[in-house]
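Quick note: numbers below take in every heavy atom, side chains included, and nothing from hydrogens, waters or symmetry partners. From a predicted model like this one, the values you see are computed outputs, not experimental measurements. A note on names: the letters A, B, ... follow the listed sequences, proteins ahead of strands, and every chain is numbered from 1.
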There are 2 protein chains.
Amino acid sequence: MYQIHNDMFSKACEYGIKASTYIALQSLQDKRVSLKEIAEEINSPVAFTAKILHQLAKNNILDSVKGPAGGFQIEKENVEKLKLSHVVFAIDGDSIYSGCGLGLEKCNEQQPCPLHDKFVIIRNELKQMLEETSLLDLTSGLDLGITFLKR
Amino acid sequence: MYQIHNDMFSKACEYGIKASTYIALQSLQDKRVSLKEIAEEINSPVAFTAKILHQLAKNNILDSVKGPAGGFQIEKENVEKLKLSHVVFAIDGDSIYSGCGLGLEKCNEQQPCPLHDKFVIIRNELKQMLEETSLLDLTSGLDLGITFLKR
DNA sequence: TTTAATTCGGATAAGTTTGTCCGAATTAAA
DNA sequence: TTTAATTCGGACAAACTTATCCGAATTAAA
C-alpha cells in the first residue's frame, strides 16, 4: 500500500546521529572535520546534512567554524556527556517523550487509549536507551572496525 | 526544524488499529459496522479510512460486505487470534522487523552500526508486544469506558 | 426490476519530509 | 587586500504520506 515504514528515527535524525558520532570520533583526535568529509563518511546528501549540522550547532551540540580549515568539532570533554537523547531532541524535538501511540490528542493514565500501558513501557525503554547512550559509546567500535557508519 | 516526529506507527497504521479494535468490539456483539460509523467512532477521515479497511479486508483481517446493510466485521473466533502484529503487517509490511536504526543498507551482527545492539533490544520488545497483544485485549476496556478510541 | 446503500478503486490534491541549488557571510591564508 | 574555502540560510524541487473526490460495482430491500 505504502512504502515501507522503517523509521524509529527520521532521516534527519539518522544523519544527525551518524554525523555526530563521526565528528566525535575525529574530535577525540583533535581533528576538525568539514561538511564534505562528514557527508562522505556517513553517506548522506551534502546539502541536507548541512542543515542538520547547522541545527546541531545552534543547539550547542557541535561547534562550527567558518572559513578555510573550518568545519565541525565537539569539545573532547563533551563527547561522553552528550547523549543520543540530546541529538534526537535537537532535531526532532520531544516527540519521543510525548504523544499517544494511536494518535489521540488526549491520552493519559486517566483516559488512555487501549494501547496506552503497553506503549508507555516500550517508549520508556527507548527513552532510557537514548538517555544513557553517549556519543563516546557510539565511537568505541568505529576505530576498531567493529562498527560502521555506512554500507 | 521539522514537525514533531511523533510516530511509532504511521497514520494509516493508527487508523487501522483503531478501526480493527472498534470492529472487533462490535463483532463480539454480532454487529456489522459501516465505514461511516467506524470513521466517526475513531475520528478518522472517511475516504482514507476506506482504503485502509479495504487493505485489511484483502489481507483477511476483516470481512467486508457490499450493499445496503453491508459493512465490516470480524469472525468472533478470530478476535482473540488476531494480533496487532497482523494489522501492522497488513498496512506497513515487515518494516518493524527489519531495517537498521541508523538507516544502513546492510547492518547485521557481523557488520553492525554503532547503535545496532541497543536498537535490536528495543525493537524486539516492540515486536513481542505486537505479537502478544490481540484485538480482544484492546477491546476489553472500551465497553467499560476505561479506554477510548478518540479524544 | 428499480432504487438506494454500501464497499471498491483510481485519479488527484494537500501536507510533510527529504533533498537540491545558489548566493551571502565569514575567515584563514596567500 | 584579495582570494578561496567554508558554513549559513533561504528558496525551491522531489518524494512520500495523508487526504479528498467521484464514479463503478455490488447487493439488500422496496
query: In whole angstroms, how far is the P atom of dT17(C) from the CD atom of Gln55(A)?
result: 13 Å
- request: Specify the separation, in whole Å, of atom CG of Asp92(B) and atom C1' of dT18(D).
  value: 13 Å
task: Report the distance from atom CG of Leu56(A) to atom P of dG9(D), rounded to the nearest whole Å.
output: 14 Å
Under 3.5 Å between N/O atoms: give me all the protein pairs with nucleotides 6-10 of chain C, atom names plus distance.
from	atom 1	to	atom 2	distance (Å)
dT7(C)	OP1	Leu35(B)	N	2.7
dC8(C)	OP1	Ser64(B)	OG	2.6
dG9(C)	OP2	His54(B)	NE2	2.2
dG10(C)	N7	Lys51(B)	NZ	3.4
dG10(C)	O6	Lys51(B)	NZ	2.7

task: For the side chain of Lys11(B), starting at C-beta, report the closest nucleotide among dT18(D), dG19(C), dT20(D).
output: dT18(D)
query: Just how far, in rounded Å, is P of dA5(D) from CD of Glu37(A)?
result: 16 Å
- prompt: Between Leu102(A) and Glu14(B), which heavy-atom pair has the shortest distance, and what is it?
  reply: O-OE1, 3.3 Å
query: If you draw a 6.0 Å radius around CD in Glu80(B), do more than 12 non-hydrogen atoms from other residues or ligands fall strictly inside?
result: no
message: Same cluster or not: Leu138(A) versus Ile146(A), using hydrophobic residues (I, L, V, M, F, W, Y) connected whenever any side-chain heavy atoms lie under 4.5 Å apart?
response: no
message: Which label fits Phe119(B) and Phe9(A): parallel for a plane angle under 30°, tilted from 30 to 60°, or perpendicular past 60°?
response: tilted
- prompt: So, does Glu131(A) use its side chain to make a donor-acceptor pair with the main chain of Lys83(A) at under 3.5 Å?
  reply: no
- prompt: Given dG19(C), is OP1 or OP2 found less than 4.0 Å from the side-chain N or O atoms of Tyr15(A)?
  reply: yes
- prompt: Would a 4.5 Å heavy-atom cut-off, applied to side chains only, mark Glu41(B) and Leu142(B) as touching?
  reply: no
Qualifying residues under side chain to side chain contact (heavy atoms under 4.5 Å, CB included), relative to Glu75(A), sequence neighbours excluded: Asp63(A), Glu77(A), Asn78(A)
query: Ser44(B) and Lys18(B): side-chain donor and acceptor closer than 3.5 Å?
result: no
- prompt: Separation of Phe48(A) atom CZ from dC12(D) atom P, in whole Å?
  reply: 19 Å
statement: The dot-bracket string of DNA chain D, counting Watson-Crick and G-U wobble pairs with both distances under 3.5 Å, using [ ] for crossing pairs and | for pairs to another strand, is ||||||||||||||||||||||||||||||
